[in-house]
Novice: 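Before we start, here is the structure in question, set down as structure tokens.
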Amino acid sequence: TRKELPEHFKAYRHVWVAMEMEHGKVHPVSFELLGEGRKLADKRGVELAGVVMGGDGEEVAAAAIEAFEHGADVVYTIVDPILTHYRNDPYTRALTDLVNTYKPEILLLGATNLGRDLAGSVATTLLTGLTADCTELAIDDEGSLAATRPTFGGSLLCTIFTLNYRPQMATVRPRVMAMPEREPGRRGRIVSHDLGLAEAEIVTKVLDFIADGDSGRAALPYADIVVAGGLGLRSAENMQLVKALAAVLGGEYGGSRPLVQKGWITADRQIGQTGKTIRPRLYIAAGISGAIQHRVGVEGADTIVAINTDPNAPIMEFAHLAIVGDAVKILPALTDAFARHLSVNRLAS
Amino acid sequence: MHIVVCIKQVPDSAQIRVHPVTNTIMRQGVPTIINPYDLFALEEALRLRDRFGGEVTVLTLGPPMAEDSLRKALAFGADRAVLLTDRFFAGSDTLATSFALSMALKKIGEEFGEPPIVFTGKQTIDGDTAQVGPGIAKRRDLNQLTYVARIVEVDPAAGEIAVERRAEGGLQVLKSRMPVLITMLEGANEMRRGTLDNALGAARAQVVRWSAADAGIEDLTKCGLRGSPTIVKKVFAPTARAEKAKRVNTEEGSTAEANAAALVEAIFTRQP
Ligand SMILES: Cc1cc2nc3c(=O)[nH]c(=O)nc-3n(C[C@H](O)[C@H](O)[C@H](O)COP(=O)(O)OP(=O)(O)OC[C@H]3O[C@@H](n4cnc5c(N)ncnc54)[C@H](O)[C@@H]3O)c2cc1C
Ligand SMILES: Cc1cc2nc3c(=O)[nH]c(=O)nc-3n(C[C@H](O)[C@H](O)[C@H](O)COP(=O)(O)OP(=O)(O)OC[C@H]3O[C@@H](n4cnc5c(N)ncnc54)[C@H](O)[C@@H]3O)c2cc1C
């Protein structure tokens, strides 16, 4: 399968991250990707670039500085009022134009709704490979991007390559990669580029944006403490035990995918490959077996606690601490124990 | 209004097993279903047809047995089913899949009328890339509306459509011109129960079956493995950490309270 790279692709060099702007601010997944991109660029001995597109020159300039401080050597910018709100068509044109002009060998995007919408269009326009929702990125011995993602069903991962096409594209979900250390004052080169489109050429118009009310929507990805339930809870009512523990700890609650399918929790509280990826300080999983799609969503947690009746459940392979036993009995006891511990510590401090 | 819905037949994921020795997926005997996300697309299409008249065509690319899923879609009320099936499609990644589907869509347009709206689901539950919808849109030059939570308005005469699209932190209200490709968000509607008529019709219906050649595909290098820039090189099990989870309750018969207290102690004394 590995052929000599076609001649016209040999000029493709450098690692790019398409940065995501959300109401004037950079989405944190872009920094996480810069951190990972930095490692890939160093391994390849090439530059790391950020791509910032937007409607407001000041916002784009501020984002470029943040990109430098998170590891970029170069930032490609396109500023045009047409890019004020995300729309597929002009963003696809902008990014493919940049790729065709400056020829990166690797192009990374966040696997957000915006990133997935854009990546699919760009890859199809460029007729190149795109690996979705990667959990690990590396450079193999021959210098190719090795993109690893979970496979369906069981406890397996697969590594996917785009050997004979450029750029090699991949998306990564928020919180899968660690946030790199910021280096204040770090700077680089800015290359500004024109969009070269007129608003009249763009068919789709943004009429309005209805912001979500803050109440009720789970803020799982960036929570410090997360308590989650799985099918081992056996009933919707027992989800209360999970919520009570989360409340005492001041954390968020969530669950495995089957709980969403059963309607025990809402979809925004699903943890794992097709739900949220989390990196909390403490993660407590009650009655969750630890399938690969769940595992990849929680592996970044500092401390993982499993409560499971089965001492041989897969979660025991990646949890740090475990109680083997009935979650329905242990959860309330744990809520009491934490409440006591926290009130004693509060008195002491 | 002629509407096309792309559906994929997928293994019922809850029942997939991995061979413990060879690390391969054991597909034999695994029941298949219509990708659950695609039902939201199908229902939305049926609602538009009920409102504006016209027909709903369901299209799938897959092995001959994918006909089962098409019949299920007919039983829900779809009017026509097209199965694109050919050994040349084996091993397609999303680029090759969207190429094949877009060729079939072109042919469907020629044979049964150009569809102003093509629907796909948000993603599948097996490949799970969410890349096929955008791929089709680009290849057929359809205006792309992904993650649509609600169709606000359709004006067939003016050729305009307005939708609410799920974005980070809120809903984007977009107005676009047909033809469009819509990827429908889960939870957008609830699948109807097909009528008895539909069920009887589905059993007897003639499923249109096309090979690559039937769909007008001349360049087979764009199909299957050859047309797929991505290459799956390695399938492996995740490495277990050196040590398994430390068991807090090692004594048999210890109470929930004692175990909980030991766990709290262990959490606060652990140095990650
Ligand atoms: C494409 C794809 C994407 C997926 N995405 C996700 C995802 O994002 N997130 C996700 O979670 N899953 C996902 N899944 C599903 C995943 O493969 C598993 O099926 C799922 O995580 C299992 O959920 P569970 O652990 O709650 O249930 P089970 O696997 O049924 O495990 C239940 C566990 O509870 C234990 N138990 C039973 N009784 C008790 C008790 N009284 N007290 C304590 N423990 C008890 C059992 O020993 C068992 O380990 C995905 C699957 C596919 C195919
Ligand atoms: C474990 C695994 C990982 C993979 N990873 C990648 C990857 O990273 N990159 C890549 O390019 N390919 C990948 N593939 C291949 C990819 O899954 C196939 O090309 C598949 O046929 C389509 O992609 P999907 O299932 O991800 O569909 P999605 O893009 O998630 O599907 C979106 C929608 O498109 C429609 N649709 C999708 N497939 C069909 C079909 N056959 N017939 C009709 N409508 C359809 C449905 O409406 C569906 O809801 C992977 C496959 C597997 C099994």
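Each chain gets a letter, A, B and so on, in the order its sequence line appears, and its residues count up from 1.
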Novice: Chain B: which of Ile160(A), Thr131(A), Thr92(A) shares the most heavy-atom pairs with it under 4.5 Å?
Specialist: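 Sorted descending by pairs with chain B, the first entry is Ile160(A).
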Novice: Let me confirm one number: the OG-CZ distance from Ser121(A) to Arg139(B), rounded to the nearest 0.5 Å.
Specialist: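 Going from the OG atom of Ser121(A) to the CZ atom of Arg139(B) covers 12.0 Å.
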Novice: Considering all heavy atoms of both residues, which atom of Lys329(A) and which atom of Ala256(B) are nearest to each other, and what is their separation?
Specialist: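 Looking at all heavy atoms of both residues, the closest pair is O-CB, 3.8 Å.
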Novice: If I take atom NZ from residue Lys138(B) and atom OG1 from residue Thr124(A), how far apart are they, to the nearest 0.5 angstrom?
Specialist: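 Going from NZ on Lys138(B) over to OG1 on Thr124(A), the span is 8.0 Å.
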Novice: Quick one: of Ala319(A), Gly120(A), Gly129(A), who has the most non-hydrogen atom pairs under 4.5 Å with chain B?
Specialist: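 Heavy-atom pairs under 4.5 Å are most numerous for Ala319(A).
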Novice: Can Arg116(A) and Gln123(B) be said to form a side chain to side chain contact (heavy atoms under 4.5 Å, CB included), step by step?
Specialist: CA-CA 11 Å; Arg116(A) 283 178 149 202; Gln123(B) 64 194 51; 3.0 Å; yes
Novice: Can you tell me if Asn113(A) and Glu168(B) form a side-chain donor-acceptor pair at under 3.5 Å?
Specialist: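 Per modelled atom types, Asn113(A) and Glu168(B) side chains form no pair under 3.5 Å.
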Novice: With a 4.5 angstrom heavy-atom cut-off, is it the side chain or the backbone of Ala123(A) that approaches chain B, or both, or neither?
Specialist: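 It is the backbone, since no side chain atom gets that close.
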Novice: Which heavy-atom pair separates Asn88(A) from Gln144(B) by the least distance, and what is that distance?
Specialist: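 Where Asn88(A) meets Gln144(B) most closely, the heavy atoms are ND2-NE2, 3.2 Å.
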Novice: Start with the C-alpha distance between Ile231(B) and Thr162(A), add both sets of side-chain angles, then the distance that settles side chain to side chain contact (heavy atoms under 4.5 Å, CB included), and finish with yes or no.
Specialist: CA-CA 6 Å; Ile231(B) 299 165; Thr162(A) 296; over 6 Å; no
Novice: Got a salt bridge between Arg166(B) and Asp212(A), using NZ or NE/NH1/NH2 to carboxylate O under 4.0 Å?
Specialist: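 The answer is yes: the pair qualifies as a salt bridge.
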Novice: So, Gln172(B) and Arg87(A): side-chain donor and acceptor under 3.5 Å apart, yes or no?
Specialist: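 Not at all, the side chains of Gln172(B) and Arg87(A) share no donor-acceptor pair under 3.5 Å.
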Novice: Looking only at heavy atoms, which two atoms of Asn249(B) and Ala322(A) are closest? And how far apart?
Specialist: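 For Asn249(B) and Ala322(A), the tightest heavy-atom pair comes out as OD1-O, 4.0 Å.
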Novice: Who wins among Gly135(B), Ala266(B), Gly227(B) for the most heavy-atom pairs under 4.5 Å with chain A?
Specialist: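 Winner by heavy-atom pair count: Gly135(B).
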Novice: Sort out for me which of Asp117(A), Ile202(A), Thr148(A), Thr112(A) touches chain B most, counting heavy-atom pairs under 4.5 Å.
Specialist: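 That would be Asp117(A).
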Novice: Do you know which of Ile330(A), Asp89(A), Thr171(A), Val305(A) has the most heavy-atom pairs with chain B at a distance under 4.5 angstrom?
Specialist: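 Of the candidates given, the most pairs with chain B belong to Val305(A).
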Novice: Heavy-atom distances under 4.5 Å only: say whether Leu174(B) touches chain A with side chain, backbone, both or neither.
Specialist: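 The answer is both parts of Leu174(B).
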Novice: Checking side chain to side chain contact (heavy atoms under 4.5 Å, CB included) for the pair Gln168(A)/Thr230(B): CA distance, chi angles, key distance, verdict?
Specialist: CA-CA 9 Å; Gln168(A) 306 159 84; Thr230(B) 63; over 6 Å; no
Novice: Can you confirm whether Lys222(B) is buried at NZ, in the sense that more than 12 heavy atoms of other residues, nucleotides or ligands lie under 6.0 Å from that atom?
Specialist: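 No, because the 6.0 Å sphere around NZ of Lys222(B) holds 12 heavy atoms or fewer from other groups.
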Novice: By a 4.5 Å heavy-atom criterion (distance strictly below it), what part of Asn143(B) contacts chain A: side chain, backbone, both, or neither?
Specialist: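 Contact with chain A is through the side chain of Asn143(B) alone.
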Novice: Could you look at Leu282(A) and say if it's the side chain, the backbone, both or neither that has a heavy atom under 4.5 Å from chain B?
Specialist: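 Side chain only.
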Novice: Taking atom NZ of Lys205(A) as the centre, report whether more than 12 heavy atoms of other residues, nucleotides or ligands fall under 6.0 Å from it.
Specialist: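 Counting neighbours around NZ of Lys205(A), more than 12 heavy atoms of other residues, nucleotides or ligands fall under 6.0 Å, so yes.
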Novice: With the side chain counted from C-beta on, respond yes when Asp128(B) and Arg149(A) share a heavy-atom pair under 4.5 Å apart, and no when they do not.
Specialist: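 Result yes, sub-4.5 Å side-chain heavy-atom pair found.
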Novice: Where does Ala137(B) contact chain A at under 4.5 Å (heavy atoms): side chain, backbone, both or neither?
Specialist: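 When you check distances to chain A, no heavy atom of Ala137(B) falls under 4.5 Å.
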Novice: Distance check, rounded to the nearest 0.5 Å: Lys175(B) atom NZ versus Leu207(A) atom CG?
Specialist: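 Output value for this atom pair is 6.5 Å.
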Novice: How far apart are the closest heavy atoms of Val232(B) and Cys158(A), and which atoms are they?
Specialist: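 Shortest heavy-atom separation between Val232(B) and Cys158(A) comes out as CG1-CB, 4.0 Å.
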Novice: Looking at Asp219(B), I want to see if its CG is surrounded by more than 12 non-hydrogen atoms of other residues, nucleotides or ligands under 6.0 Å.
Specialist: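 Yes - once you tally the heavy atoms of other residues, nucleotides and ligands closer than 6.0 Å, there are more than 12.
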Novice: Quick one: pull up OG1 in Thr204(A) and CG in Leu145(B) and give me the separation to the nearest 0.5 Å.
Specialist: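 The CG atom of Leu145(B) is 5.5 Å from OG1 of Thr204(A), to the nearest 0.5 Å.
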Novice: Any chance you could lay out the side chain to side chain contact (heavy atoms under 4.5 Å, CB included) test for Leu157(A) and Val235(B), step after step, and finish with the verdict?
Specialist: CA-CA 6 Å; Leu157(A) 297 157; Val235(B) 178; over 6 Å; no
Novice: Closest heavy-atom contact between Ala337(A) and Val264(B)?
Specialist: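 Heavy atoms only, the tightest pair is CB-CG2, 3.7 Å.
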Novice: Relative to chain B, which segment of Thr128(A) carries a heavy atom at a distance below 4.5 Å: side chain, backbone, both, or neither?
Specialist: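 Backbone only.
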Novice: What is the minimum heavy-atom distance between Tyr165(A) and Pro229(B), and which atoms define it?
Specialist: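 For Tyr165(A) and Pro229(B), the tightest heavy-atom pair comes out as CD1-CB, 3.4 Å.
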Novice: Output the residues of residues 157-165 of chain B for which the shortest heavy-atom distance to chain A is under 4.5 Å, in residue-number order; output 'none' if no such residue exists.
Specialist: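 Within residues 157-165 of chain B, the residues under 4.5 Å from chain A are Glu164(B), Arg165(B).
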Novice: Phe268(B) versus chain A, heavy atoms under 4.5 Å apart: side chain, backbone, both or neither?
Specialist: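 For Phe268(B), the side chain is the part near chain A, not the backbone.
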Novice: Which bit of Pro311(A) comes within less than 4.5 Å of chain B, counting heavy atoms only: side chain, backbone, both or neither?
Specialist: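 Pro311(A) touches chain B through backbone and side-chain heavy atoms alike.
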Novice: Who wins among Val180(B), Val10(B), Leu263(B) for the most heavy-atom pairs under 4.5 Å with chain A?
Specialist: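 The option with the most such pairs is Leu263(B).
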Novice: Do you know which of Val324(A), Val206(A), Leu114(A) has the most heavy-atom pairs with chain B at a distance under 4.5 angstrom?
Specialist: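 Greatest number of close heavy-atom pairs with chain B: Val324(A).
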Novice: Identify which of Met316(A), His320(A), Arg340(A) forms the greatest number of heavy-atom pairs closer than 4.5 Å to chain B.
Specialist: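 Heavy-atom pairs under 4.5 Å are most numerous for His320(A).
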Novice: With a 4.5 angstrom heavy-atom cut-off, is it the side chain or the backbone of Leu225(B) that approaches chain A, or both, or neither?
Specialist: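 No part of it gets close to chain A.
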Novice: Answer with side chain, backbone, both or neither: which region of Asp133(A) has an atom nearer than 4.5 Å to a non-hydrogen atom of chain B?
Specialist: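 Answer is side chain: those atoms of Asp133(A) sit under 4.5 Å from chain B.
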